[in-house]
Amino acid sequence: LLGHPTQHYMDYCGSSLYTSSQLKAVFTELQQHLFGNPHSANPSSELTEDLVGDARQMVLDFFGAPPEDYNVVFTRGATSALQMVGESFPWHKDKGEFLYLRENHNSVLGIREYAARNAVSFQSIREDTVDRWLASSEETVPGGRTTMEPVNCRDMDNQWWEDVGCYVPDWEKEEKEEEEHYSLFAFPAEDNFSGVKYPLEWIKKIQSRQRGFGNPKRTNWKVLLDAAAFVPTQPLNLKETPADFVTVSFYKMFGYPTGLGALLIRTESVDILDKVFWGGGSVSISSAETNFHALQCQPSSKLEDGTVPFLDIVSLKHGFNMYSRLGGIQKVQQHVACLTEYAYDKLSALTHSNGAPLLRIFGKHAHPDGAAVQGGVINFVVLKADGQAVGYVRVQHESAAAGFHIRTGSSCNPGACYSNLGIEPFEIEQLADLKEGCGDA
């Protein structure tokens with residue numbers, strides 16, 4: 001770290017670092033211009049509105065999202081973007097499904113509360129189960145049964161979830177009389193625990209499915225892609241992999257500003273969102289006496305309640321310019337891949353004096369096509385000479401004392417963490433009863 005030669009920052013999945021040139025450009029712009037609230041119509045406000053519009057276009061360009069196909073909604077971060085999807089998604093009681101990869105962040109898992117509140121079934125599944133599902137015929141479910149047969153959802157994939165009654169008698173006849181309903185599949189482009197990257201090819205395949213995973217009825221699948229851990233070091237082209245909803249946090253990309261993210265919404269999916277709360281600039285006209293209001297026409301304006309953090313949004317271009325100066329996201333990807341491979345080779349070779357390995361490293365670093373399936377995260381357990389694990393709290397304290405800034409714990413990803421450690425669901429519930437606080441320690 002500049003000015004701190006004994007300190008080594010390595011928590012890039014927690015937050016990236018801003019650069020000196022980036023900050024200088026941000027504050028120079030703030031000193032040279034006057035920025036007003038974009039909801040006003042004076043000159044300083046019009047300048048702000050123009051630059052906020054430029055920032056939206058810059059986000060679209062960076063992610064290869066055609067402006068006619070995508071809309072950028074600024075949020076407080078990826079978590080707020082995920083919450084917006086959960087609150088607004090058209091959940092239909094006893095219809096549709098919420099399916100999500102086990103290795104999702106806690107913020108994705110929280111969406112299931114909206115599904116459950118609307119009596120919509122939810123289930124976490126493993127990567128191999130997704131592959132089998134997408135390779136199967138529409139007339140079968142992953143267990144090999146036909147959709148005409150009764151299915152106990154609890155038997156599928158050994159998941160612990162409530163039996164949601166996957167078999168619906170005479171579904172072919174009933175579905176003709178039903179209104180259109182939707183199901184949601186959520187997965188991370190890269191999980192933030194071990195850095196495993198998941199196939200973006202899933203997106204189009206899932207969108208083309210016409211029936212549910214655990215329910216044989218017809219449904220329209222929408223895909224939610226959590227790209228927060230992926231896009232800081234990996235290129236994303238939404239023209240090629242057109243997810244319906246994409247969430248990002250900008251501080252994970254270039255450190256500054258914090259508290260700003262975005263939800264990229266596919267244009268064809270905007271109208272299905274059922275927005276409830278409205279306020280600030282999201283409403284065009286409203287009545288105080290009667291229950292009348294009309295929302296803004298533009299999707300971004302309709303979904304952004306209140307005044308957007310316009311000074312933060314204006315500063316985004318200096319972060320994107322930093323990527324350009326580095327040679328673009330492809331150069332960053334290549335550089336990170338080289339560093340990751342080198343570090344993994346060195347770390348995986350560390351042993352105790354008795355020859356026992358010093359670390360147990362998670363992820364797919366040893367995969368023959370490692371760069372395609374593994375991102376720039378190296379997550380490990382420190383082992384004693386007898387193979388027992390060293391507690392992560394001790395690792396945190398001792399690494400900090402040595403000047404290393406790392407992240408320890410589950411990284412807010414219980415599915416990836418517990419599955420890698422072999423922890424069963426009943427053990428998690430027992431642990432919750434024993435813990436006295438909310439901390440990760």
Side-chain angles (χ1 to χ4, degrees), residues 38-39 46-75 78 80-82 84-85 87-90 180 182-187 189 199-210 219-228 230-231 234-250 253 260-275 278 281-284 294-305 308-310 313-314 316-317 319-321 323-324 328-330:
H39 293 165
E46 291 177 352
L47 173 62
T48 300
E49 185 175 11
D50 289 342
L51 293 180
V52 169
D54 292 343
R56 294 189 203 277
Q57 185 60 54
M58 194 169 290
V59 172
L60 291 172
D61 292 342
F62 190 83
F63 297 125
E68 64 273 15
D69 294 337
Y70 278 91
N71 297 271
V72 176
V73 178
F74 287 117
T75 65
S80 293
L82 292 165
M84 182 179 292
V85 175
E87 288 180 342
S88 305
F89 194 77
E180 190 173 47
Y182 298 88
S183 294
L184 182 65
F185 180 86
F187 76 101
L200 297 180
E201 293 78 13
W202 282 353
I203 295 172
K204 288 184 177 179
K205 292 179 180 180
I206 292 169
Q207 290 168 335
S208 67
R209 303 292 289 190
Q210 298 181 18
T219 190
N220 291 297
W221 280 102
K222 297 296 182 180
V223 177
L224 167 59
L225 182 70
D226 179 8
F230 181 83
V231 294
Q234 310 290 330
L236 176 65
N237 189 319
L238 293 177
K239 185 175 183 180
E240 297 175 356
T241 53
D244 297 281
F245 310 102
V246 183
T247 59
V248 299
S249 283
F250 293 111
M253 297 177 64
L260 181 63
L263 171 63
L264 285 82
I265 307 177
R266 201 175 177 192
T267 301
E268 66 178 46
S269 297
V270 169
D271 290 339
I272 72 169
L273 296 180
D274 184 19
K275 179 178 170 64
W278 49 269
S282 64
V283 64
S284 175
L295 296 176
Q296 296 277 9
C297 297
Q298 291 293 330
S300 57
S301 299
K302 178 168 62 176
L303 294 170
E304 292 169 350
D305 295 308
V308 295
F310 53 89
I313 295 172
V314 168
L316 287 178
K317 63 174 171 287
F320 286 118
N321 289 342
Y323 275 98
S324 297
I329 187 63
Q330 285 77 13

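Keep in mind that the numbers below use all heavy atoms, side chains included, and drop hydrogens, waters and symmetry copies.
Without hydrogens or angle criteria, S249 side chain to A78 main chain gives a donor-acceptor distance under 3.5 Å. With hydrogens and angles ignored, the 3.5 Å screen pairs no side-chain donor or acceptor of S282 with any backbone N or O of W278. A distance-only check finds no donor-acceptor pair linking the side chain of N71 to the backbone of V73 [under 3.5 Å].
The shortest heavy-atom contact between K222 and E268 is NZ-OE2, 4.1 Å. Contact record, L260 with P309: CD1-CG, 3.8 Å, taken as the closest heavy-atom pair. Residues A65 and L264 share a closest heavy-atom pair of CB-CD2, 4.4 Å. Taking all atoms of both residues into account, the shortest heavy-atom contact from A262 to A81 is O-CB, 3.9 Å. When every heavy atom of I265 is checked against every heavy atom of L303, the shortest pair comes out as CD1-CD1, 3.4 Å.
Applying the salt bridge (charged side-chain N to carboxylate O under 4.0 Å, His left out) definition to pairs two or more places apart or across chains, those involving residues 53-72 are R56-E304.
F89 is not listed as a side-chain neighbour of L224, based on a closest heavy-atom distance of 4.5 Å or more. Taking the side chain as every heavy atom from C-beta outward, V85 and L184 approach each other to under 4.5 Å. No side-chain heavy atom of V72 sits less than 4.5 Å from a side-chain heavy atom of F63. The closest side-chain heavy-atom distance from V248 to F230 is not below 4.5 Å. With a 4.5 Å cut-off on side-chain heavy atoms, L225 and L236 count as touching. Looking at V231 and V246, their side chains never come closer than 4.5 Å, going by heavy atoms from C-beta outward.
Under the side-chain hydrogen bond (donor to acceptor under 3.5 Å, both in side chains) criterion, K317 pairs with E29, not counting sequence neighbours. Listed by chain and number, the residues in a side-chain hydrogen bond (donor to acceptor under 3.5 Å, both in side chains) with D244 are Q207, S269 (sequence neighbours excluded). E240 pairs by the side chain to side chain contact (heavy atoms under 4.5 Å, CB included) definition with N237, not counting sequence neighbours. Taking the ring-ring contact (aromatic ring centres under 6.0 Å, His included) definition, one finds that Y70 meets it with nothing, sequence neighbours left out. Partners of Q298 according to the side chain to side chain contact (heavy atoms under 4.5 Å, CB included) rule, which considers only residues two or more places apart in sequence or in another chain, are S300, S301. Under the side-chain hydrogen bond (donor to acceptor under 3.5 Å, both in side chains) criterion, S284 pairs with no residue at all, not counting sequence neighbours. By the ring-ring contact (aromatic ring centres under 6.0 Å, His included) test, F62 is found to be paired with F320, Y323, residues two or more places apart in sequence or in another chain being considered. Listed by chain and residue number, L134 satisfy the side chain to side chain contact (heavy atoms under 4.5 Å, CB included) test with K205 (two or more places apart in sequence, or in another chain). By the ring-ring contact (aromatic ring centres under 6.0 Å, His included) test, F250 is found to be paired with no residue, residues two or more places apart in sequence or in another chain being considered. Listed by chain and residue number, nothing satisfies the side chain to side chain contact (heavy atoms under 4.5 Å, CB included) test with D50 (two or more places apart in sequence, or in another chain). Residues satisfying the ring-ring contact (aromatic ring centres under 6.0 Å, His included) test with F310, not counting sequence neighbours, are none.
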Check the pair F245, L273 against side chain to side chain contact (heavy atoms under 4.5 Å, CB included), reporting the backbone distance first and the verdict last.
-> CA-CA 11 Å; F245 310 102; L273 296 180; 3.9 Å; yes

Derivation of the side chain to side chain contact (heavy atoms under 4.5 Å, CB included) call for D305 and M84 | CA-CA 11 Å; D305 295 308; M84 182 179 292; over 6 Å; no

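In this structure, K239 places its NZ atom where only 12 or fewer heavy-atom neighbours from other residues, nucleotides or ligands lie under 6.0 Å away.
Of the candidates T241, L238, V223, L200 forms a side-chain contact (heavy atoms from CB on, under 4.5 Å) with just one, namely T241.
The distance from atom CE of M253 to atom CG of L316, rounded to the nearest 0.5 Å, is 9.0 Å.
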